[in-house]
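Computed from a predicted structure; not experimentally measured. Numbers restart at 1 for each chain; the letters A, B, ... are given by sequence-line order, proteins then strands.
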Amino acid sequence: LIVSILPLPIEWEQLRMKRQFYEENKPFTCLDGSRTIPFDRVNDDYCDCRDGSDEPGTAACPNGSFHCTNAGFRPTFIPSSRINDGICDCCDTTDEYNSGAKCENTCKELGQKEHEVLQKMAEITKEGFLLKQQLIQEAKNRQQEKQSKLTELQNNKKELEEKVEALRTVKETAEQPEKEAKELHLKAWEEQKAIIRAEKDKAKMAEAFLELDDDADGFVAVAELQTHAELDTDADGTVSETEAQGLLGGVDHVDTASFEKVWDNIKDKYVSEPVEPAPVDTPPEESNKLADNDSEQYPSDDDVQEEEEEDEEEDDYPEEDFDKVRKLNITMLYSVETVMVFLSFAAAQKARDNFEESERALNIEKEISFDFGPDSEFSYLYSQCYELTTSEYIYKLCPFNRVSQKPKYGGSETNLGTWGTWAGPEDNKYLLMKYEHGTGCWQGPNRSTTVKLTCGKETTVMSTSEPSRCEYLMEFTTPAVCQEPEAVISSLHGHDEF
Amino acid sequence: TMSFPWFRMGLLLGLCISLLLGGSWAVDRGNFKTCDQSAFCKRQRALKPGQSPYRALLDTLELSDSRLTLQLINDNNKVHLLLELYRLQGNITRVKINELKPLKPRYEVPDVLVGDQPTEPLSVLSQDDNGVVLSLGAESQRLIVSARPFRLDIMEGPEVLLSLNSRGLLAFEHLRLRKDTQADPEGAEVKENVDGAEQQDEEQKAEDGGKDKEEDGLWEETFKTHTDSKPNGPTSISLDFSLPGVEHVYGIPEHADNLKLKTTDGGEPYRLYNLDVFQYELYNPMALYGAVPVMLAHNAQRTMGIFWLNAAETWVDISSNTAGKTVFGKMLDFVQGSSETPQTDVRWISESGIIDVFIMLGPKPSDVFSQYASLTGTQSFPPLAGLGYHQCRWNYNDQDDVKAVDQGFDQHDIPYDFIWLDIEHTDGKRYFTWDPEKFPQPKEMLHGIKDKRRKMVAIVDPHIKVDSGYKIHSEIRARDLYVKNKDGGDYEGWCWPGNSGYPDFTNPEMRAWWASMFAYDKYEGSMENLYTWNDMNEPSVFNGPEVTMYKDAMHGKWEHRDVHNLYGLYVQHMATTDGLIQRSGGTERPFVLTRAFFAGSQRYGAVWTGDNAAEWDHLKISIPMCLSLGLVGISLCGADVGGFFKSPSAELLVRWYQTGAYQPFFRAHAHLDTPRREPWLFGPENTALIRDAIRQRYTLLPYWYQQFYQAHKTGQPVMRPLWVEYPKDTATFTIDDEFLIGQDLLVHPVTEEGARGVTAYLPGQGEVWYDVHTFQKHNGAQNLYIPVTMSSIPVFQRGGSIVPRKVRVRRSSDCMENDPYTLYVALSPQRVAVGELYIDDGHTFNFQTKKEFIHRSLTFANNALASRNLFPESNFSTDSWIEKVLILGASKPNKCWVFLTTSVEFEFEASMSVLTLRKPGMNAGADWTVVLQPNQEIQDI
């Protein structure tokens, strides 16, 4: 009447059979040995053992766990608080034997899905692992090359350092005329631009004169000017006779020479007349040429450098530089002066190249000091960059260097961290990279990025997110972390065995 | 969410600000007015006591059955006031003072009082030229009206309980025509300054050389760059109250200050003006997000309350004749017998409206709570899940983030009931919408949460983005329901979405429309497990004066000045809560959190203490802040666990979880710019500590739920100061580092960094308390030193109480619905104990509409524990049963029976005298008795 009938777990017997500890009709000793209870108190929905071991099939113990057999899928343990809580946790539905929850057995489905995933993973792993072997081989070759170079360099280190110092001076000395030459060049360019502008204006003026001179009498007259309503000065919409006269400087008509003055007054307002069939005698070539240079861009320093870099292997014959001149600016005249400019460019460049190459050589030491993994399999990532474009940003990962973010539609780049360390778990630290000390956040930390590496055939940034303010997470696939296929399979199945 | 105009407005601005702030961290006091900067407060505070110009015109006295009216005259300017007195049921006296013939009506606060206040007859006992004596009902209480100067005294026997205008600080600035618009420019007879003060001002002016500087701020007032046009001129009111025999006053939240109110002589008065204060400072009387104009006065004999029903900006001055005295000085007075009676004087000043005061005469603390509840209603009964743990952050980034956090809780086996979404979930801060990139499938997300029997809260703020493409805006504009500026156009201010309109929630039409927006078919992506959070409802206006609305903005015919402190309640809570009720057809209980509040807000949901910080002092202050709110009816109170601004150390975070687990509204929250701090991000040890704290909360949910049912029924606070239960024990009067939950659990959280122990005061001469973790028994009326480790949360159960628990903690409260109960029976020295058990479906109004609930009384006496039905007419059944009974302070019985028929096994732990009954198995809703057969030997002793 008052003692309610407590529902007993339906499947606990099955469990018990599986587990040696629960021997029927023998007193049960809690697995922590704390006490021994009669067998009918096992799974009786009351917690007797401090370690929860007497209730493997009920939710009675706060620290107990429940074993889902999950036939067809992987067996698993869940906290016993999830037994009969109305939420399906075990795919074989055994955790909800008395809650009224309608669970469906999804083990087979899950098993299949898992199998597919595993297969796919195995494929990727297999191919990835092969790629990894290649990477390792390539790395080895590079390593040897670099090592020998380094050895050589180390032998000549002192000499090299002296050379570098000497070259630095040479470079700086060489760069001085270069700098001056550049300024000269710039000035010349500005002058050139002014001339071009003036010529353009003149051409326009000539054109306008021809357009205005409707009766082609070599004069622009008051009446001819009056057809151009845009030249209206008193804002009444029309050009009166007086207004036109005013524009012509108080006279009734002007010739080409005097038109120059008139043109200065009207050129801002003047609108060309509707295009008529182009007269044959005014070929557009010249004005087109001028139009080509409308942007009037001075070749930027960057462009120069880029081209210089391309050419850095070549010897410094002046001809090469003349080519460069041509490339730089076709409208420029080949004066003696400019040849001089580029000769000094060349001298500076040579010094710079020598200097930088020497420095680069020294940098090899730094490069091979990076931890590129046990078999240098990550070395191929060095000096590479990988991008991912999202709806708002372009993210760029340059392994062993830095991570950055740039707004897709303009705006400056933000440093999300520079190379810090490998930060994976103890058993494989090469699964995570940490980039730190990026641009600071207001009232917050400096930006940092964790890069999670997973096995893949391609080397790609898969996703980025900002789980916490200014702490970024990047997912990155590379063959370099692919494990031997056999090891993967066995580690995945390893859980089943106990 | 915090509100700082500059905050989150982009890198560039951020950079400027960081330069401006230079890393310093505190409220910018200059953004908020002092009394001196608030013209009416300055005028009023300049008045000197003892010169009241008010006189009662006794020949105008009219007495109907329950209402007495009487005219007062200001002898300086001959303006007549009308005094109304009512005797309300439950020992409450209402005093109203208004102008007899105001130029136009003055604002009287609507919608705060519940129902009609039943009145009781008043009768005149005696009357002469000096005054009238009225009887206040059956008790020997009398009300004396003195004529010259006017004053009121409430007496019981020979004792004065409370006096009004005893210091002569009644001042009522009558409505007047603006001087420069008057026909007679020389009509200087009626001076425009505080009515009560004209005489003395005149004297003062003579001294000052007669300059009219006092008139500054009467018809216009400028603070920083903001000008208040004050078309009605000066309208402020003030009244003083004297409390003989009282040294302790409490209440008038919200202030980040101690529980016991301090005297304000020589400092700033306590200010009540709902404001969004960025990075508020502790231990000062500055106004914060909410205002409840209720003060409690307490001494060992009596507790009383003063409810000043006014929604305008209000300042409260407190002075005391003993405040300056040392304990030694007081003792000397006592020994010499020369002591004057200790007395606290209080003065209320409001900018507009009328004087409408409810004097609640107690005498017990619980009586004052009932009296106040009869006026403004009780705490809404939250759904059970609302008492679980809430996981919030500004912001969970997207649906995947929500899913990952949800899974994180399961992976770490930590329960939670609600996950929250702050403003970033919306489409460009357009409330009622979802960001299409981050939350493209809100229903899918909500279903995922529902599958775990959990819930979600999404924020809905009252500022509406001015955007013709935004439906909510265009409809409010089309219906002409926005607050207007002084020139009649829609008022617009700056808030999260940029330029925003503010719906006029004082208009019932606006509230009804707003409520209808919560319908499932109107609020796209919502479903039944989505609830609501109303933030920024002070209202917060980034570019407004003191980060709020212009006082001359118009709500219909009333100025914002009149309604300001009401907006938050009114506005939001009222409209939103109605919306959540309506969407379910009136069956489901709502859950709505608000930041701004007023008297009566308890009826609509939960309140939190706003944008605190990850600092130890902020953890400490959460206790008095919520205690103060509980005293004035708002029980469902909590502080952001972990602190909103800044980043807590692991130790502070753990301690905050441990404290929050024992405070009513238990929610972790964090600022957008802080590192993530979900419970498992601080290493396995701290994860375990936080898990344990949250689990303790869940085991006690049956007790919390029952406390909230009681609060809902009776108006008693859930989180209580010790003095409420031990009103005669003066040692309890200033304690605010520990508290009671109901009357049976005493909590002294660890709130000191690096603490190795805490000293808790255990009250009650002749009582005992049991440590709920070790079951060790301690005597009452002692300071107990408790050594602590990182896992310690000092909690004690009162001897004589029975606390029901559910010790099978699951993923959410809903998952625990049918789980069995464990009863903790803590015996008093008399070996008795009583308790209650309340059960219903946990989420509907059926407990009210269909009486579907179980309410049991549990008693232990004469070695028998019995469960009896407190409401036989109720009807509800439960699958839950009694799995275990722990009897603390027990002796070992011989045998134990359920109903004398079924033997129950037990264990006895002698060192702590704990008797555990193993699986007695009764249904929790049934009548039952468990009988212990005493062990003969022990009985013989």
Criterion salt bridge (charged side-chain N to carboxylate O under 4.0 Å, His left out) on B:Glu907 and A:Arg35, from CA distance to verdict = CA-CA 13 Å; B:Glu907 274 174 50; A:Arg35 65 191 296 191; 3.3 Å; yes
From CA spacing to verdict: side chain to side chain contact (heavy atoms under 4.5 Å, CB included), A:Ile87, B:Arg453 | CA-CA 8 Å; A:Ile87 300 164; B:Arg453 305 179 74 171; 4.0 Å; yes
What part of B:Thr916 gets closer than 4.5 Å to chain A, counting heavy atoms only: side chain, backbone, both or neither?
-> side chain
Which atoms of B:Asn397 approach chain A - backbone, side chain, both or neither, heavy atom under 4.5 Å | side chain
Measuring from B:Asp673:CG to A:Cys470:SG, what's the distance to the nearest 0.5 Å?
-> 6.5 Å
For B:Arg695 against A:Pro62, the heavy-atom pair lying closest together = NH1-O, 3.9 Å
From CZ (B:Arg808) to OG (A:Ser80), nearest 0.5 Å = 9.0 Å
Using non-hydrogen atoms and a 4.5 Å limit, figure out which bit of B:Ser647 sits close to chain A: side chain, backbone, both or neither.
-> neither
Atom pair CZ (B:Arg676) and CZ (A:Arg469), whose distance is rounded to the nearest 0.5 Å = 12.0 Å
Part of B:Glu678 lying under 4.5 Å from any heavy atom of chain A | neither
The interface call for A:Ser391 against chain B, heavy-atom contacts under 4.5 Å, is side chain
Which atoms of A:Asp89 approach chain B - backbone, side chain, both or neither, heavy atom under 4.5 Å = side chain
In terms of heavy-atom pairs under 4.5 Å, which option from A:Cys61, A:Cys47, A:Pro79, A:Ser81 contacts chain B the most?
-> A:Ser81
What's the shortest heavy-atom distance between A:Tyr46 and B:Glu883, and which atoms?
-> CE1-O, 3.1 Å
Verdict with supporting geometry, A:Asp85 and B:Arg810, salt bridge (charged side-chain N to carboxylate O under 4.0 Å, His left out) | CA-CA 8 Å; A:Asp85 67 348; B:Arg810 300 191 189 251; 5.2 Å; no
Please lay out, stage by stage, how A:Asp44 and B:Lys919 fare under the test salt bridge (charged side-chain N to carboxylate O under 4.0 Å, His left out).
-> CA-CA 10 Å; A:Asp44 71 338; B:Lys919 210 178 169 189; 3.7 Å; yes
Could you check which of A:Glu471, A:Arg41, A:Glu466 has the highest count of heavy-atom pairs closer than 4.5 Å to chain B?
-> A:Arg41
